[in-house]
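This is a predicted model, so every value here is computed, not measured.
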Amino acid sequence: MAGRTKKAQISVYLEPDIMELLAHYAAQRDQSMSLIAQAAIASFLSPDSSERQEAALARRLGQIDRRLARLERDLGISTEAFATFIRFWLATTPALPEPAAQATRAKLSERYAAYTRALGRRLAKGPQLRQEIGEDVGGSEKDGGGRS
């Protein structure tokens, strides 16, 4: 193997937690710690490392931005659904006479427990409202293809 130079050996002192992270990372990828340390040092010393870090940061910020947009959308859907329910409930529920109101108060905890069980089942296995509403609801107006 003419032309190959022998690798130089160095001694590096690492904090125990850094050493543990390095060993864990190497074991996960079935690579030697030496190879991973060499790649990390090369990456740190390369002239384009700051550009790669900036690109990685930009990708991560983009992901965070998309997640925040989805959260904002989901919160808007929840708020509108709740407001619609309250308006409907107030419009359709007549005031009860006092004897009926007392009987209703007596059944309150039982009915509330049934409601929370049903909500728990829906959240655990059923399709969620945000999944039932199309992702393109907000975008259809921007594209000029709004529904009528």
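Scanning for side chain to side chain donor-acceptor pair (under 3.5 Å) contacts around R29 gives Y25, with sequence neighbours left out. Under the rule for a salt bridge (Lys or Arg N to Asp or Glu O under 4.0 Å), E80 has no partner lying at least two apart in sequence or in another chain. With sequence neighbours excluded, the residues satisfying side chain to side chain contact (heavy atoms under 4.5 Å, CB included) with P99 are P97. Contacts of R60 classified as salt bridge (Lys or Arg N to Asp or Glu O under 4.0 Å), with partners at least two apart in sequence or in another chain: none. Annotation: salt bridge (Lys or Arg N to Asp or Glu O under 4.0 Å) contacts of K6 (sequence neighbours excluded): none.
Enclosure of atom CD in E72 is not indicated, since only 12 or fewer non-hydrogen atoms of other residues, nucleotides or ligands lie within 6.0 angstrom.
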Show me the donor-acceptor pairs within less than 3.5 Å that the side chains of residues 32-40 make with the rest of the protein, sequence neighbours left out.
from : atom 1 : to  : atom 2 : distance (Å)
S32  : OG     : L35 : N      : 3.0

Please tabulate, one pair per line, all N/O donor-acceptor pairs under 3.5 Å involving side-chain atoms of residues 7-16, not counting sequence neighbours.
none

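Grouping Ile, Leu, Val, Met, Phe, Trp and Tyr residues whose side-chain heavy atoms lie under 4.5 Å apart, directly or via other members, places F85 in a hydrophobic cluster with F82, I86, W89, L90. Clustering of Ile, Leu, Val, Met, Phe, Trp and Tyr by side-chain heavy atoms under 4.5 Å joins L71 with I64, L68. L96 belongs to no multi-residue hydrophobic cluster, having no ILVMFWY side-chain contact under 4.5 Å with any other such residue.
Remark: the H24 side chain and the Q28 side chain contain an N/O donor-acceptor pair separated by less than 3.5 Å.
Residue pairs satisfying the side chain to side chain donor-acceptor pair (under 3.5 Å) criterion with at least one member in residues 109-119, sequence neighbours excluded, are listed as follows: K107-E110.
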*Does the pair Q53 and L57 meet the rule for a side chain to side chain contact (heavy atoms under 4.5 Å, CB included), with working shown?*
CA-CA 6 Å; Q53 287 175 346; L57 182 61; over 6 Å; no
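Put simply, CE on M19 and CG on L22 are 6.0 Å apart, with the number rounded to the nearest 0.5 Å. Distance check: L61 CG to D65 CG gives 8.5 Å after rounding to the nearest 0.5 Å.
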